[in-house]
Amino acid sequence: MKIIGTGSALPTLSVTNNQLATFLDTSDEWITERTGIKARRLLSTESLYDIAETAAKKAIEASGLSPEQIDFLICSNVANRHVTPGISCIMQNRIGIKCAGLDINVACAGFVNAMMLADSMIKAGNARYIMILCAEEPSKYCNWHERDCSILFADGAGAVIVGPGDSFKDVQLTMISNRDVLYYERPLESTPFEKEHEHGQPLVMKGRELFRQAVSESSKDIMKLLSRQGLTPSDIDYYLIHQANKRIVDGIRSLLKEPEEKFPTNIEYYGNTSSASIPILLDEMLAQGRIHDGDKIVMSAFGAGFVSAACLLEW
Ligand code: ACO
């Protein structure tokens with residue numbers, strides 16, 4: 001499998017740390033130092049479906065395919081206003097494709113898991129060209145009266161089109177059931193038969209625990225991948241790490257002992273866009289001409305679950 005087209009889209013509204021500090025007990029200095037984030041894009045006038053449509057259409061255009069040639073759609077999304085139908089069904093019509101599709105929710109590791117699924121489907125002969133569309137609006141699960149999660153999360157969409165090829169080399173998936181480290185509970189409707197109605201809860205995060213687990217599991221995933229492939233960290237040209245927090249990226253980098261220029265970031269201006277962060281970063285790097293034929297790229301993501309996932313591509 002190889003990536004033959006990418007696209008991304010972000011909300012138009014950019015909100016700086018100083019703007020947050022007008023209604024939250026926080027500061028630009030604290031957020032920048034602890035997370036690397038200076039601003040984030042948040043949905044305001046447009047919907048998640050609008051930006052997802054833009055990202056998807058750009059990816060199709062970049063691939064040179066016509067929409068009819070896409071024969072499967074995998075959408076990665078943690079939550080959106082529709083519990084049902086799935087976001088893949090909603091997006092099929094908006095993108096103008098006719099194929100079947102499915103939704104996956106592997107938190108922020110959704111993109112790498114979708115790559116694994118797409119690779120398996122292409123190898124099995126079930127599809128030739130697949131769109132992976134990651135569309136996320138985590139700003140809408142945060143409690144905006146609290147400063148713990150709202151300073152981190154942001155909205156965005158990233159898409160890739162994959163097709164036959166030999167670029168996707170290996171993948172490492174990890175799941176360690178530990179709900180308490182990061183979770184969001186939505187209330188369902190109450191029934192006359194429940195003894196007690198369950199209430200929802202905006203995103204709850206144990207920041208320090210998540211930080212430690214992310215650095216440790218992500219670096220373990222990467223080292224497993226590299227050792228299986230007979231590679232060392234210095235053989236890799238770029239590490240595209242889930243843009244959760246600049247300090248997490250730095251933590252992984254220092255364990256791998258590799259230079260900063262191999263770990264591109266855009267969290268400074270976009271915040272944490274969950275599973276969309278890696279495809280958005282990839283799309284930007286391609287637009288900037290930073291990725292060349294033969295480059296070895298590791299992608300690594302982690303998130304609520306606890307889940308983590310890493311894959312290796314040779315461009
Ligand atoms: N602004 C100002 N002060 C704050 C803020 C804030 N936004 N948040 C916490 N503080 C204060 C705390 O109250 C505490 O004060 P105290 O020392 O007087 O008690 C102090 O700052 C330190 O708080 P900690 O929570 O211990 O700060 P920490 O250094 O751990 O940083 C952070 C918090 C940024 C959340 C960090 O734990 C982290 O980055 N964790 C990972 C978060 C993350 O990346 N989540 C998403 C990844 S997974 C995914 O993408 C789904």
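Order of appearance sets the numbers: ligands from 1, and atoms from 1 within every ligand.
- Every side-chain contact (heavy atoms from CB on, under 4.5 Å) that Ala244 has, sequence neighbours left out, goes to His242, Ile248, Asn272, Phe302.
- Once rounded to the nearest 0.5 Å, the distance linking NZ of Lys262 with CG of Asp295 reads 10.5 Å.
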N/O donor-acceptor pairs under 3.5 Å from side chains in residues 93-106, not counting sequence neighbours:
residue : atom : partner : partner atom : Å
Arg94   : NE   : Glu53   : OE1          : 2.8
Arg94   : NH2  : Asp50   : OD1          : 2.4
Arg94   : NH2  : Glu53   : OE1          : 3.0
Asp103  : OD1  : Ser88   : N            : 2.9
Asp103  : OD1  : Ser88   : OG           : 2.6
Asp103  : OD2  : Ile87   : N            : 2.7
Asn105  : OD1  : Ala107  : N            : 3.1
Asn105  : ND2  : Val78   : O            : 3.4

Enumerate donor-acceptor pairs with a distance under 3.5 Å from any side-chain N or O in residues 109-119 to protein atoms, sequence neighbours excluded.
residue : atom : partner : partner atom : Å
Asn113  : ND2  : Ala109  : O            : 2.9
Asp119  : OD2  : Lys123  : NZ           : 2.8

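- With 3.5 Å as the limit, one finds a donor-acceptor pair spanning the side chains of Tyr270 and Glu284.
- Looking at Arg228 and Asp170, a side-chain N of the basic residue comes within less than 4.0 Å of a carboxylate O on the acidic one, giving a salt bridge.
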List ligand 1's nitrogen or oxygen atoms that come under 3.5 Å of a protein nitrogen or oxygen, with the partner atom and distance.
residue  : atom   : partner : partner atom : Å
ligand 1 : 1 (N)  : Thr26   : OG1          : 2.6
ligand 1 : 3 (N)  : Trp30   : NE1          : 3.4
ligand 1 : 3 (N)  : Arg147  : NH1          : 3.4
ligand 1 : 7 (N)  : Thr26   : OG1          : 3.3
ligand 1 : 7 (N)  : Arg147  : O            : 3.2
ligand 1 : 13 (O) : Arg147  : NH2          : 2.7
ligand 1 : 21 (O) : Trp30   : NE1          : 3.2
ligand 1 : 26 (O) : Arg208  : NE           : 2.8
ligand 1 : 26 (O) : Arg208  : NH2          : 3.1
ligand 1 : 29 (O) : Arg34   : NE           : 2.7
ligand 1 : 30 (O) : Arg208  : NE           : 3.0
ligand 1 : 37 (O) : Gly207  : O            : 3.3
ligand 1 : 37 (O) : Arg208  : N            : 3.4
ligand 1 : 39 (O) : Asn245  : ND2          : 2.3
ligand 1 : 40 (N) : Gly207  : O            : 2.9
ligand 1 : 50 (O) : His242  : NE2          : 2.7
ligand 1 : 50 (O) : Asn272  : ND2          : 2.7

